[in-house]
Amino acid sequence: MRPKFGIIGCGNISRFHFNGLEKAGADIVYISDIHEPAAKPYVDKYKAKYSPDYKDVIADPEVTVVSVLTSAKYHKEICLAALRAGKDVICEKTMANDGAESIEIAQAAKTSGRLFYTSYMKRFFPAVQKAKELLPQLGRLFSAQARAYQNWGDSLYELDNGDGQQWILDAYGGAVIKCAGSHMIDMTLHLLGRPDSLYAHIDYISNSRVDRKANALFEYANGMVAHYETAVHPLTRVGYERNSWDEKLEINGVNGRLEIYTILWDQPENNGALLVHYDNATESSTEYRYPSLDPFEAEMAYFHTCLTDRKQGQPDVIDGMNVDLVIEAMGISAAQRKAHIFAWPVNL
Ligand SMILES: NC(=O)c1ccc[n+]([C@@H]2O[C@H](COP(=O)([O-])OP(=O)(O)OC[C@H]3O[C@@H](n4cnc5c(N)ncnc54)[C@H](O)[C@@H]3O)[C@@H](O)[C@H]2O)c1
């Protein structure tokens, strides 16, 4: 059966969902935003029903899948209501405000038997998919380095107080960790799995909960350690393309190394993401270069196919929960200045 989409939240990120769904040939039948002007262009374009109240979208029997694109503080309420009403769900990242909310959503999704996707679209870069395929060739893994630097100018360093930064917490529930940082946590977990423990340091703007830099060691049972770093920064000519987008995951195994460089995905004039595979046996490096693409288009096409075929696929609700639990653990570890040992939820 063809999925029928209800879209809740028509802000910044929604245009990539609309575009991806349109290119996938999806049926968008109902749209909600509390601010009608935000929804109107899409309502007109797709000749969809409109309501400022998301509950109307969820109550409509025509809607089979709900895309939750509001800020994270509303995700739990909307996701749970959608699941209760028997709808499938696509939820933007981060899935929820904190670990407890994420576990609640994951349990509800599992109990409901509905399909649930968390939108970590960077997994859909061909370079990342190729890295996943090549990973077993690295043999025993011993080290990884993950970096997500996001250029926000020098505002978060110059303006060293919490005033005026509340919007970041309102919009995303946090600053750099929830924004650029969460993607690289997802990519690290996607390729390396859940860590057993972590140790983190977080630099906040003085007297605030606005995180502008975070470092962590993700520790794995076999001695493998992933070094993770995310930061807002003012450096204009750093990164793979020297355009300030500085995002990389390097994984080292006894047989070789993978380096993934991801790019400014919303600017297709840039190169595609790059993968470099160094093979120690032949002492040779292979570069995998791909055409530039908007990973949301690949992600929405995939979700649309999964929904049509009634197939779960990933990233799913557990992937969303895992990232939220890592983010929460980083906060706990940094506050306590000691390692956090994970007790991953049983059966999830
Ligand atoms: N994947 C990415 O790279 C990426 C980038 C940016 C944002 N995001 C995520 O996307 C989500 C939305 O972020 P954004 O930047 O688009 O935020 P935004 O503030 O621009 O948009 C959110 C929209 O939701 C609407 N809204 C709020 N409450 C609502 C409700 N109860 N019912 C209906 N509409 C409601 C708001 O009016 C607004 O138009 C967040 O979870 C964020 O973390 C992901």
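Side chains are part of it too, since the values below use all heavy atoms of this structure and drop only hydrogens, waters and symmetry mates. For ligands, and for the atoms within them, numbers begin at 1 and follow the listed sequence.
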**Asked** With the 4.5 Å side-chain cut-off for hydrophobic clustering, are Leu138 and Phe142 part of the same group?
**Response**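 The answer is no; the residues belong to distinct hydrophobic clusters.
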Extract all donor-acceptor atom pairs below 3.5 Å that involve side chains of residues 220-228 and protein atoms in other chains or at least two apart in sequence.
from, atom 1, to, atom 2, distance (Å)
Tyr220, OH, Gly193, O, 2.8
Asn222, OD1, Met224, N, 2.9
Tyr228, OH, Gly181, O, 2.9

Tell me, which protein residue and heavy-atom name are nearest [atom], and how many Å apart are they?
atom	value
atom 24 (O) of ligand 1	Gly9 CA, 3.5 Å
atom 40 (C) of ligand 1	Thr70 O, 3.6 Å
atom 37 (O) of ligand 1	Asp33 OD1, 2.6 Å
atom 13 (O) of ligand 1	Tyr172 CE2, 3.9 Å
atom 12 (C) of ligand 1	Leu69 O, 3.3 Å
atom 6 (C) of ligand 1	Ile13 CD1, 3.6 Å
atom 44 (C) of ligand 1	Glu92 OE1, 3.2 Å
atom 31 (N) of ligand 1	Tyr54 CD2, 4.0 Å

**Message:** By the definition side-chain contact (heavy atoms from CB on, under 4.5 Å), identify the one residue from Asp316, Asp319, Leu83, Ile318 that meets it with Phe116.
**Reply:** Leu83
**Request:** Would you please determine whether His183 falls within less than 4.0 Å of ligand 1 on a heavy-atom basis?
**Result:**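 The answer is yes: ligand 1 sits under 4.0 Å from a heavy atom of His183.
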**Prompt:** Could a heavy atom of Tyr120 be found less than 4.0 Å from some atom of ligand 1?
**Reply:**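 For ligand 1, residue contact (heavy atoms, under 4.0 Å) with Tyr120 is absent.
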Numbered atoms and elements of ligand 1 in range of [X], under 4.0 angstrom, heavy atoms:
X	value
His75	41 (O)
His35	37 (O)
Lys93	1 (N), 2 (C), 4 (C), 9 (C), 40 (C), 41 (O), 42 (C), 43 (O), 44 (C)
Ile8	32 (N), 33 (C)
Met121	1 (N), 3 (O)
Ser32	33 (C)
Phe296	1 (N)

Can you confirm whether the side chains of [X] and [Y] place a donor and an acceptor under 3.5 Å from each other?
X	Y	result
Tyr149	Glu229	yes
His17	Glu92	yes
Lys93	Ser182	yes

**Asked** N/O of Ser14 under 3.5 Å from N/O of ligand 1, yes or no?
**Response**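 No.
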**Request:** Evaluate the salt bridge (Lys or Arg N to Asp or Glu O under 4.0 Å) criterion for residues Arg2 and Asp27: first the C-alpha distance (whole Å), next the side-chain angles of each, then the deciding distance (0.1 Å), finally the verdict.
**Result:** CA-CA 8 Å; Arg2 280 180 66 78; Asp27 296 331; 3.0 Å; yes
**Request:** Look up atom 21 (O) of ligand 1 and tell me if a protein heavy atom lies less than 4.0 Å from it?
**Result:**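 Within 4.0 Å: yes, protein heavy atom nearby.
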**Message:** Yes or no, since that's all I need: does a protein heavy atom fall within a distance strictly under 4.0 Å of atom 17 (O) of ligand 1?
**Reply:**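 Under the 4.0 Å cut-off, atom 17 (O) of ligand 1 has no protein heavy-atom neighbours at all.
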**Message:** Does any part of the side chain of Asp60, heavy atoms only, come nearer than 4.5 Å to the side chain of Lys49, both counted from C-beta?
**Reply:** yes
**Message:** Give me each pair satisfying side chain to side chain donor-acceptor pair (under 3.5 Å) with a member in residues 336-348, each pair once, sequence neighbours excluded.
**Reply:**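 Passing the test, one end in residues 336-348: no pairs.
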**Asked** Closest heavy-atom contact between Ser285 and Val276?
**Response** CB-CG1, 4.3 Å
**Asked** Using heavy atoms and a threshold below 4.0 Å, how should the contact between Asp53 and ligand 1 be classified: side chain, backbone, both, or neither?
**Response** neither
**Request:** Could you tell me whether Lys4 atom NZ has more than 12 heavy atoms of other residues or ligands within 6.0 Å of it?
**Result:**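 Counting other residues, nucleotides and ligands, NZ of Lys4 exceeds 12 neighbours.
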**Asked** So does Glu283 have more than 12 non-hydrogen atoms from other groups sitting under 6.0 Å from CD?
**Response** no
**Asked** So among Phe296, Tyr120, Tyr117, which one has a ring-ring contact (aromatic ring centres under 6.0 Å, His included) with Phe303?
**Response** Tyr117
